[in-house]
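Here's the structure, in structure tokens; my notes come after.
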Amino acid sequence: MSAHLPILQVVVPLLAAPFCLFLKRGRAAWGLAVLASWAALAIALALLGQVMQEGVLSYAIGDWAPPIGIEYRVDVVNAWVLVIVSGIGAVVAPYAMASIEREVEAGRIPLFYAAYLLCLSGLLGITITGDMFNVFVFLEISSLSAYALIALGQARRALTSAFRYLIMGSVGATFIVIGIGLLYVMTGSLNMADLAQLLPEVWDSRTVKVAYGFLAVGFCLKLALFPLHLWLPNAYTYAPSAVTAFMASTATKVAVYMLLRFFLTVFGAPFSFDVMALDRVLLPLALVAIASMSLVAIFQVNVKRLLAYSSVAQIGYMILGLSFATVTGLTATLLHLFNHALMKGALFMAMGCVMYRIGSVHINAMAGLGRRMPWTMAAFVAGGLSLVGVPLTVGFVSKWYLILGALERGWWPVAILVLLTSLLALVYIWRVVEAAYFRDFPGDESTREAPWTLLGPTWALVALNLYFGIDAGRTVEIARQAAEVLMAGIGP
Amino acid sequence: MTTLLLLALGVPVAGAAFIALLRRNPNAREAASLVTAGALFAIVLRIYQAVSGGARPEAVLAEPLPGIRIALEAEPLGVLFALIASFLWIVTTAYSIGYMRGHHEKNQTRFYLFFAFAIASVMGVAFAGNLFTLFAFYEVLSLATFPLVTHAGTEKAKRAGRVYLGILFSTSVVFQLLGIIWVYAVAGTVDFEPGGILRGNVGAGLVPILLALFVFGIGKAAVMPFHRWLPAAMVAPTPVSALLHAVAVVKAGVFAVLKVTVYIFGFEFVAETGASVWLMWAAAATIILGSLVAFTKDNLKARLAYSTVSQLSYVVLGAMLANSLGVIGSGMHIAMHAFGKITLFFCAGAIMVAAHKSEVSQLNGLGRRMPVTFAAFLIGTLSIVGLPPTGGAWSKWFLGVGSVEAGQIGLVAVLMLSSLLSLAYLLEIPLRGFFGKEGEGAHGAHGDGGASGEDHARADGSAPGFADRGGSHDAHDPAHAHHGPQQDAHAHHGAPRWSVAAITVTAAACVALFVYPEPFYRLMTMVTGP
């Protein structure tokens with residue numbers, strides 16, 4: 001059984017998806033989705049444990065030996081990302097029940113869970129596979145289901161948002177598949193480990209460099225790096241709350257993983273940094289993303305949109321860590337993948353609770369909610385402090401390594417910029433806090449705290465924010481090992 | 001020993017829990033506050049005994065990042081700070097009971113709750129074993145005091161809260177945190193070690209920059225231009241201003257500066273590199289400017305706030321002198337200023353509750369009705385200025401001698417000038433109180449229907465300590481009229497006695513410290529070494 005864990009990781013949610021359609025009843029479909037998500041998390045944790053002990057796992061699909069057959073290959077890096085994705089899935093799935101029943105019409109609920117499970121398996125598939133074309137296949141599975149999920153939002157603008165995401169996402173996917181095609185032309189292989197061996201011979205060829213360019217644009221679109229982020233704010237704002245919480249914590253993280261995997265493992269870190277100057281291209285983009293998007297976030301009045309812009313800025317931090325081109329910098333990136341998933345998940349889920357009760361996440365509608373919904377708003381404050389990077393939260397851990405990385409390179413202005421922008425985060429979080437705690441509640445007296453089915457998962461994430469902020473030893477260790485694997489450029 | 005350290009943190013937190021549980025019964029709730037405060041002081045006293053015997057108890061709470069621990073360690077400087085804070089917490093709690101009830105404040109449970117949290121974080125700051133722990137508790141302290149500063153919940157309080165948290169957070173995050181990570185990057189550790197950890201790890205050019213990151217990054221030390229939060233925080237109820245913004249929070253700031261100078265840089269190393277010379281003058285500028293601004297303030301609490309800004313920089317200055325005498329003076333000033341300034345704030349609060357006066361120009365003649373309060377104010381003033389027979393004389397003495405030893409005669413002149421300034425702007429208050437004629441001054445005081453405070457006290461059947469309620473029965477006072485007679489009588493019950501007792505204790509301590517500054521002096525010599 002344990003030998004088949006890599007394939008089960010994808011197959012369990014993938015097969016659960018159609019069953020959701022057969023079940024017809026919303027609650028039953030939900031139950032199945034929860035079970036599948038938890039199974040996926042259990043498998044991911046088992047895989048991570050196995051990889052930490054035994055090293056790289058290789059699984060040949062249908063016993064076709066790689067590089068001819070499709071290989072699933074698990075090392076510390078993707079085991080880590082698998083845990084992040086399935087972990088968020090495992091928290092969002094139970095949360096979805098109440099939230100989705102409120103926000104999606106009853107007949108579509110089984111469809112929702114089917115799409116959700118497809119999206120989950122797509123993201124897990126991208127992460128686990130060791131085959132480039134397989135990446136593309138799973139990318140399409142996850143993206144198409146994501147478009148559907150976003151389009152389920154209540155507001156009619158959810159449709160245009162989803163459509164825009166579809167166009168941008170398809171452009172990104174096309175760029176990626178062109179890049180993959182060019183690499184296949186040059187090497188005749190689609191297996192990542194195999195490519196890592198073959199590519200150094202053809203480093204000088206223009207085709208490889210062009211392929212690199214196509215892939216770079218495609219990934220940056222998918223991970224919403226400034227200025228290719230335009231699809232993201234609307235998509236996150238108008239999607240159902242549970243979808244936003246799930247997507248914000250997973251989809252862009254997986255895109256960052258793809259970028260790391262392709263550029264550092266397949267092409268190799270030496271090629272990326274020495275030949276293609278990836279660090280020098282990404283550094284300014286990351287800095288502009290962090291500064292400008294944090295500023296934009298300050299002026300938002302819809303809190304989901306505010307958090308969406310904040311996400312674009314936070315992606316900037318991840319890319320910034322990569323652009324240091326050091327193990328410490330990359331450790332910060334990998335840590336922030338995890339940490340940001342925890343904090344944004346918690347924040348968006350708190351917003352889901354607000355949506356559930358008052359049907360709006362406009363900052364003015366949230367006036368006085370601190371007294372009406374104390375647990376929800378306390379979760380928001382805790383998540384917000386984590387986002388700002390207050391000590392003893394996960395945000396601080398990310399910030400620490402990011403600044404350490406900057407100082408190691410002697411880039412102290414970058415360190416100061418990171419610190420200053422974390423103050424901008426304080427400003428936009430604070431606007432919500434002031435509205436919730438310092439203004440009078442205008443709405444109806446009967447407004448109560450959100451049900452525990454929503455609060456439970458939200459606070460589970462908040463608790464993780466604090467736990468991994470107080471005891472980050474394990475996460476730092478895993479992230480550092482993963483960073484070393486990637487920086488070696490040898491590939492798993 | 002380790003248990004004691006953990007208790008020092010745990011007892012106030014447990015106290016907070018009891019305060020929350022007893023919210024329905026105010027008397028029990030206040031008793032919980034008092035018992036907690038007393039217990040904490042007893043614990044700190046035990047730690048003091050151990051540390052003066054040469055022990056250095058340690059405790060590790062967690063290890064958030066590999067090699068970066070949340071660790072507690074008791075050393076003489078921290079013990080000094082913890083002693084003062086925990087002792088004055090008892091006094092302030094007693095005072096608050098009188099003030100909060102007399103002033104009809106709302107949300108009193110929240111007030112006592114966050115007060116206890118604030119003290120817990122102060123203990124964390126005092127006993128922090130490394131820079132990271134110090135930073136963490138420093139930030140927790142900002143957060144814990146925020147609800148206290150904005151207690152009134154008004155638009156003004158909200159704005160003040162924004163300034164408060166804004167400045168404290170920005171400076172700590174942008175400068176202090178950068179400094180901490182930088183220290184870690186070059187030294188590979190952030191632990192406090194006698195003699196510092198930077199010698200041999202950094203070039204001489206980087207030392208002044210790092211030191212400045214800490215001096216300005218520790219915004220709670222209120223070195224200009226990052227001092228605005230302190231006057232802003234004065235919207236808080238007076239007991240908060242008294243304990244937190246004359247003692248706990250601001251002293252946490254200057255304490256951190258001193259601790260970093262001594263245990264991260266090593267003051268000898270600072271002196272050798274000359275890193276602190278310009279920072280001495282930054283502190284000197286704050287001393288003078290703070291005093292000058294204090295002059296212009298008619299609001300009593302605002303005047304005291306700027307006086308604090310000025311006085312805090314004495315401590316910073318002592319640290320920047322980077323010699324034994326300066327450091328001793330610096331540490332002693334933490335103690336002396338704490339007792340002096342808390343007395344002044346207590347008096348300001350008593351005046352506000354009893355006579356509803358908040359402006360200096362309204363105080364004419366009030367001293368004759370509130371003699372204890374104004375006498376205490378006089379003693380506090382002498383201590384702040386640094387005149388015998390009060391403890392403040394000692395710290396000023398050491399700072400002056402330290403400046404001479406550092407070869408900075410100019411600084412001695414600054415110290416003298418600032419003493420004169422503070423004498424002038426603080427002495428005005430008792431002078432007006434005792435010698436001013438009632439009815440004079442900018443706003444004019446209301447006449448009080450003839451009965452003296454003492455008469456009222458007896459009429460209410462309370463103890464003589466009641467005297468300070470003085471003009472509170474002033475029938476013309478609009479702020480008072482709406483309470484109605486019953487409520488008023490209820491509010492009076494036993495309350496002011498607590499406040500006067502608190503004032504008496506701290507004023508007496510100012511004098512006692514002149515005669516017996518020994519414990520604090522000895523602790524500081526343990527810090528500087530033989």
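Each chain gets a letter, A, B and so on, in the order the sequences are listed, and its residues count up from 1. Just so it is clear, the model here is predicted, and its values are computed rather than measured.
Residues of residues 370-388 of chain A placed with any heavy atom under 4.5 Å of a heavy atom in chain B are listed by number as A:Arg371, A:Leu385. Taking 4.5 Å as the heavy-atom cut-off, the residues of residues 389-419 of chain A that approach chain B are A:Val390, A:Pro391, A:Leu392, A:Phe396, A:Val397, A:Lys399, A:Trp400, A:Tyr401, A:Ile403, A:Leu404, A:Leu407, A:Trp412, A:Ala415, A:Ile416, A:Leu419, ordered by number.
Taken to the nearest 0.5 Å, the CD1 atom of A:Ile470 stands 12.0 Å off from the CG atom of B:Leu65. Atom CG of A:Leu423 and atom CZ of B:Phe169 lie 9.0 Å apart (nearest 0.5 Å). Here the OG atom belonging to B:Ser170 is positioned 9.0 Å from the CG atom belonging to A:Leu420, to the nearest 0.5 angstrom.
For B:Glu139, the part sitting under 4.5 Å from any heavy atom of chain A is the side chain, from C-beta outward, and nothing else. Using a 4.5 Å cut-off between heavy atoms, B:Leu143 touches chain A through its side chain atoms alone. With a 4.5 Å cut-off on non-hydrogen atoms, B:Phe132 touches chain A through its side chain but not through its backbone. Contacts of A:Glu434 with chain B are made by side-chain atoms alone, with heavy-atom separations under 4.5 Å and no backbone atom involved.
The candidate with the highest count of non-hydrogen atom pairs below 4.5 Å against chain A, out of B:Thr150, B:Ile181, B:Val140, is B:Ile181.
Remark: B:Phe18 CZ is loosely packed, at most 12 non-hydrogen atoms of other residues, nucleotides or ligands lying under 6.0 Å away.
Residues passing the ring-ring contact (aromatic ring centres under 6.0 Å, His included) test with B:Phe81, sequence neighbours excluded: B:Phe255. Considering only residues two or more places apart in sequence or on other chains, A:Ser311 meets the side chain to side chain donor-acceptor pair (under 3.5 Å) condition with A:Lys344.
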